[in-house]
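So the structure is just underneath, and the comments pick up after that.
Hydrogens, waters and symmetry mates are skipped; everything else that's a heavy atom, side chains included, is used. Chain A is the first sequence line, chain B the second, and so forth, proteins listed ahead of strands; every chain is numbered from 1.
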Protein chains: 2
Amino acid sequence: MSEHPFIRLFNRYLREQGLPVTHQRNRVAAAVFGSEDHLSVDDIEGILRAQDERIGKATIYRTLDLLVKSRLVEEHDFGEGFKRYEHRLSRTPVHQHLICSECGDVEEFESPEMPAIEARVAREFGFRPSRHRLEIYGLCRSCQEAGVTLSQEGLACPIEVA
Amino acid sequence: MSEHPFIRLFNRYLREQGLPVTHQRNRVAAAVFGSEDHLSVDDIEGILRAQDERIGKATIYRTLDLLVKSRLVEEHDFGEGFKRYEHRLSRTPVHQHLICSECGDVEEFESPEMPAIEARVAREFGFRPSRHRLEIYGLCRSCQEAGVTLSQEGLACPIEVA
DNA sequence: CTCAGTGCAAACCGTTTGCAGAACG
DNA sequence: CGTTCTGCAAACGGTTTGCACTGAG
């Protein structure tokens, strides 16, 4: 019954915190661990419904809080008006996101230059970094091949351009 | 009356789009251009109220949409549950954010390595970048000096660490 | 004068919360 | 068995929208 080995990690976390291990918690965790995507709460609800699991949205939110606190899952906000969740069990330890403004597709990439950037701000600003977020928005290959161009509605002659 | 020269740019944008230049639009724009901070809609409402301007929230939101479209203003989401707005008229052309998880303070820093990163993902993924976001969360100098430490509630023995 | 903008209040929508009943330990 | 969880539905809070009225061009 302890399907995914990661479920066991989650259960260990729950026991460490003195929290009950429940059927619903494990089903929500299994849904997240079983996907390599960035899932919205609706996605998770859909996965569970497809398994004939009728788990309330509130429980899904409450379980995701626990998964995030356990650090087994990461929360993302890509500015869509809702959050997405992704488990942290892939091989790539740090990953950044490439987000297509047209189709919304998210690819991951590594950026080996991040540690150097963090070290620099630590030195220059006396800032102690704990986590970061690097997202590049633009057009993915397939949208470019489909001939999509991003509309640019700004001032004809901007004062200064990046 | 055309106080800030940037207001004129905004008015030019409005005329280019065939949209009316109104008192409210200019007051909202002036509030944003007159501050170097990252303003929430409530902040803007407060600034306007302090000037005895009674402008509805809906109008503020609608005007911010126009300012963002004109590319004179940037929208940010620091995961607080609401958006913040900042004009793009400072000397620093590209700026990244250093966000203190304790006091919420936001500092800006430049990262000259971004163009190289963007060039790399363009090459490796066939992705065409249009804009990016780099945010580093952690503890600012003053919170460290005040003795604050970030609580770490995750699993005692994480599977893999970044 | 006409058409778009404004203010108000209601609608929206993702998320959170309160509470009665169910489950874990 | 006591304590925590679950599901439901209502509450929440930032943002958006519908509509009668005002104001820009």
Side-chain angles (χ1 to χ4, degrees), chain A residues 1-2 7 10-32 38-46 48-49 51-70 73 75-85 104, chain B residues 1-2 7 10-32 38-46 48-49 51-70 73 75-85 104:
Chain A
M1 258 297 137
S2 58
I7 300 281
F10 180 46
N11 292 349
R12 177 151 72 83
Y13 171 78
L14 291 174
R15 279 189 290 271
E16 274 174 11
Q17 305 292 313
L19 299 171
V21 172
T22 68
H23 175 73
Q24 289 87 332
R25 284 175 176 171
N26 277 352
R27 301 306 295 176
V28 172
V32 179
H38 304 78
L39 302 172
S40 66
V41 170
D42 276 349
D43 292 336
I44 295 169
E45 211 181 14
L48 294 171
R49 208 182 344 258
Q51 303 168 349
D52 272 313
E53 289 284 348
R54 214 144 305 274
I55 296 180
K57 259 201 171 76
T59 300
I60 297 176
Y61 278 108
R62 287 184 280 227
T63 304
L64 285 169
D65 282 349
L66 294 171
L67 285 165
V68 169
K69 278 210 195 98
S70 77
V73 165
E75 185 182 81
H76 296 294
D77 184 344
F78 297 136
E80 299 168 294
F82 53 86
K83 308 265 178 62
R84 291 187 176 273
Y85 298 85
Chain B
M1 259 297 133
S2 57
I7 300 280
F10 180 46
N11 292 349
R12 176 150 73 81
Y13 170 77
L14 291 174
R15 279 189 291 269
E16 274 174 10
Q17 304 291 315
L19 300 171
V21 173
T22 68
H23 175 73
Q24 288 87 333
R25 284 174 177 173
N26 278 352
R27 299 308 294 175
V28 172
V32 179
H38 304 79
L39 303 171
S40 66
V41 169
D42 277 349
D43 291 336
I44 295 169
E45 210 181 15
L48 294 172
R49 206 178 350 254
Q51 303 168 348
D52 272 313
E53 290 285 346
R54 214 144 305 272
I55 296 179
K57 258 202 173 77
T59 300
I60 297 176
Y61 278 108
R62 288 184 281 226
T63 304
L64 285 170
D65 283 348
L66 293 171
L67 286 164
V68 169
K69 278 208 194 102
S70 77
V73 165
E75 186 181 82
H76 296 294
D77 184 344
F78 296 136
E80 299 168 294
F82 53 87
K83 307 265 176 64
R84 291 187 175 273
Y85 299 85

Supply the atom-to-atom distance [X] [atom1] to [Y] [atom2], rounded to the nearest 0.5 angstrom.
| X | Y | atom1 | atom2 | answer |
| --- | --- | --- | --- | --- |
| B/His76 | B/Leu39 | NE2 | CG | 10.5 Å |
| B/Thr63 | B/Leu14 | OG1 | CG | 9.0 Å |
| A/Ile60 | A/Ile44 | CD1 | CD1 | 6.5 Å |

Atom [atom1] of [X] and atom [atom2] of [N]: how far apart are they, to the nearest Å?
| X | N | atom1 | atom2 | result |
| --- | --- | --- | --- | --- |
| A/Asn26 | D/dT6 | CG | P | 10 Å |
| B/Asp43 | D/dT15 | CG | P | 11 Å |
| A/Asp65 | C/dT17 | CG | C1' | 12 Å |
| A/Glu45 | D/dC8 | CD | C1' | 13 Å |
| A/Leu14 | C/dA23 | CG | P | 19 Å |
| A/Glu75 | C/dT16 | CD | C1' | 13 Å |

Exercise for review: Do nucleotides 4-15 of chain C as a string where each nucleotide becomes B, S or -: B if the base has a protein heavy atom under 4.0 Å, S if just the sugar-phosphate does, - if no protein is that close.
Suggested key: SSBBB-----SB
Check your understanding: Who pairs with B/Asp65 by salt bridge (Lys or Arg N to Asp or Glu O under 4.0 Å), at least two apart in sequence or on another chain?
Key -> none
Check your understanding: Under 3.5 Å, side chain of A/Arg25 to main-chain N/O of A/Pro20, donor-acceptor pair present?
Key -> yes
Review point. Partners of B/Glu75 by side-chain contact (heavy atoms from CB on, under 4.5 Å), sequence neighbours excluded?
Key: B/Val68, B/Lys83, B/Tyr85
